[in-house]
Amino acid sequence: MRTRLPWALYGVLATLTGLGLAHVVAALTDADTSPVLAVGAAVIDLTPTPLKEWAIRTFGTADKPILVGSVFAGVVALAAVAGLLARRRLLYGAGLLVALVAVAAVAVATRPEASVLDLGPSLVAAIGAVGALAWLSREQVGAPARGRRGVLIAAGVVGAIALVGGVGGQLVTRLRLRPEDVTLPDPADPAAPLARGLDQQVPGITPFQTDNEDFYRVDTRLDTPVVSSDDWTLTIDGDVDRKVTLTFDELLEMPMIERDITLTCVSNSVGGEYVGAARWLGVRLTDLLDLAGVGDRADQILSTDFDGMTISTPLALATDGRDAMVCVGMNGEPLPREHGFPVRMIVPGLYGFISATKWLTRLTLTTYAEQDAYWTERGWATDAPIKISARIDTPKALAELDPGDVVIGGVAWAQERGGVAKVQVQVDGGGWRDANLGPSGGDDYWRQWFYRWQAPSGSHRISARAVSGDGEPQTAARAEPFPDGASGLHEVIVEIA
Ligand SMILES: Nc1nc2c(c(=O)[nH]1)N[C@H]1C(S)=C(S)[C@@H](COP(=O)(O)O)O[C@H]1N2
Ligand SMILES: [Mo]
């Protein structure tokens, strides 16, 4: 082949073949993660907090696909270069491919709980990629050059291997160990039936209970972990009288409580989407801690997920009588994979980043002086109660409406502060007027609210604020999410024609 283009293509196809095969091996061996995702994860972990904040603000939930996409595009570009190098000498091209895989292997090997097994996919990626490149560029090793037709056929064969590998790997992973196959026990301490909310009454309001499919997702992962409940265990160790290890079945045999709790992310901006309300089923955290017997040194529960990611929770707050729980169920179903299957923590009143560990495998009783967790290492607060907040769901910002009857509505939350006692609405800086509240779902649950407004023509600014059951009004002082949660009032501007 004289022209360069086919060579660039060889490099890309060879690399995709290696990656496709790596996915199959990862799926079959429970190896932790694919090489591309490992590189992406390493990039996330190494990114300074301000840059990460900027990415979340700018790209929202698309920040992950954009990151994985960029890493992938970089890999494809280098793969094309490897192909072009192979045109000169196969060894050069192969060398670059091996170097690429080596970077991924380092990223894989430095994950917190990496084992030798996790290097399998990288090894296969290297062998597959170099093998495919050698086969595609066989004239470099003395065989007669392929004609145009031969190039197309060879490219097709290699492309098919890459595709079948990539898709097959995904499929195998999805089909194994399905959360739906788990049967949950009945709660010994059930929640009262949830009242019917204002969902039907106020068009555009957030539903009283968030469907699992609609529940926001925030975590550091680039994939959706597939963790088996069969070989899952929870270990409680550190400053305890005796180290305890429980299997999933043993956990399910413990008395279960059921609670309605609104979970909130510290990265949520005022009026943002990173908040959701669900009915959780699980074991009381204190029941588990009692099994191990907490010592008198610990001030922190350091929880670890299946991959070594850590979250720290203030021990005093988690054990002060609130309904902190180790959950297996969400809205009557086993936890979805996205939300931590098989087991996660939920602690009402604390932002998720210091409490809501998904894919939980370990609770270590320790001290803040001794051990840092993922976000606290990055400068986020260690003590972060959820701030009182009201959100306006309807009308939407910049909505154009007719004069007359307009229903303003939304949700408000004040977990572990006696719930929401009052929501007030203000138009154009005028007097604060009390909104109507929907039914209560308990103090740890959000409350829907609405206010009927006679809207005059013109452009208007609507604000809302909540007051907690323990009498604290929501602050108007603005703060960014870093380091302990955003504050300020949610405001929307609407145009009345
Ligand atoms: N293992 C693990 N658990 C985690 C996280 C994470 O990155 N990894 N993110 C936390 C954060 S910041 C929040 S807000 C909640 C979000 O839970 P959700 O995705 O189920 O809504 O999970 C928490 N648990
Ligand atoms: Mo979060």
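Below, each value reflects all heavy atoms present in this structure, side chains not excepted, and no hydrogens, waters or symmetry copies. Both ligands and their constituent atoms are indexed starting at 1 by order of listing.
Here Glu213 contributes atom CD and Glu338 contributes atom CD; the two are 9.0 Å apart, rounded to the nearest 0.5 Å. With rounding to the nearest 0.5 angstrom, the CZ atom of Arg196 is 12.5 Å from the CZ atom of Phe208.
When hydrogens are left out, the protein atom nearest atom 11 (C) of ligand 1 is Val218 O, 3.7 Å; that is the closest non-hydrogen contact. With hydrogens left out, the protein atom closest to atom 21 (O) of ligand 1 is Tyr216 O, 2.7 Å, a heavy atom. At the top of the distance list for atom 8 (N) of ligand 1, counting protein heavy atoms only, stands Met309 SD, 3.6 Å. Protein heavy atom closest to atom 5 (C) of ligand 1, with residue, atom name and distance, is Asp219 CB, 3.7 Å.
Of all atoms in ligand 1, listed by their number and element, those nearer than 4.0 Å to a heavy atom of His339 are 18 (P), 19 (O), 20 (O), 21 (O). Within ligand 1, the atoms closer than 4.0 Å to a non-hydrogen atom of Thr357 are 3 (N), 24 (N), numbered from 1 in the order shown. Contact atoms of ligand 1 toward Cys265: 14 (S) (distance under 4.0 Å to a heavy atom of the residue). Taking a cut-off of under 4.0 Å to the non-hydrogen atoms of Phe353, the atoms of ligand 1 that pass are 11 (C), 12 (S).
Within the 4.0 Å heavy-atom criterion, neither part of Tyr274 lies near ligand 1. Residue-level proximity to ligand 1 for Val266 is absent, since no heavy atom of it falls below 4.0 angstrom. Contacts between Asp305 and ligand 1 below 4.0 angstrom, taking non-hydrogen atoms only, involve the side chain exclusively. Only the side chain of Phe215 comes within contact range of ligand 1, with a heavy atom under 4.0 Å; no backbone atom does. Under 4.0 Å from ligand 1, the heavy atoms of Arg344 that appear belong solely to its side chain.
The shortest N or O to N or O distance between Ala356 and ligand 1 is below 3.5 Å. Ligand 1 has an N or O atom lying under 3.5 Å from an N or O atom of Thr220, backbone or side chain. Residue Lys358 has at least one nitrogen or oxygen atom sitting less than 3.5 Å from a nitrogen or oxygen atom of ligand 1, judged on distance alone. Annotation: Trp375 places no N or O atom under 3.5 Å from an N or O atom of ligand 1; distance criterion only.
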query = Would Arg465 and Val423 satisfy side-chain contact (heavy atoms from CB on, under 4.5 Å), going step by step from the backbone distance to the final call?
reply = CA-CA 6 Å; Arg465 69 178 183 194; Val423 173; over 6 Å; no
request  = Decide yes or no on salt bridge (Lys or Arg N to Asp or Glu O under 4.0 Å) for Arg259 and Asp189, but give the supporting numbers first.
outcome  = CA-CA 9 Å; Arg259 293 294 183 269; Asp189 178 357; 2.8 Å; yes
ask   = Should Phe450 and Ile408 be marked as a side-chain contact (heavy atoms from CB on, under 4.5 Å) after you check the CA-CA gap, both sets of side-chain angles, and the distance that decides it?
value = CA-CA 5 Å; Phe450 71 97; Ile408 302 168; over 6 Å; no
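A cation-pi arrangement is present between Arg378 and Tyr374, with the terminal nitrogen or guanidinium carbon under 6.0 Å from the aromatic centre and inside a 45° cone about the axis.
A ring-centre distance under 6.0 Å is not found for Trp359 and Phe341.
One finds no salt bridge joining Lys387 and Glu472 here, because no Lys/Arg side-chain nitrogen approaches an Asp/Glu carboxylate oxygen to under 4.0 Å.
Side-chain atoms of Asp199 and Gln448 form a donor-acceptor pair, as typed in the model, at a separation below 3.5 Å. For the residue pair Arg217 and Thr224, a side-chain donor N or O sits within less than 3.5 Å of a side-chain acceptor on the partner.
Under the side chain to side chain contact (heavy atoms under 4.5 Å, CB included) test applied with Leu246, the options Thr233, Leu252, Leu291 reduce to a single match, Leu291.
Put simply, part of Ile311 is less than 4.0 Å from ligand 1, judged by heavy atoms.
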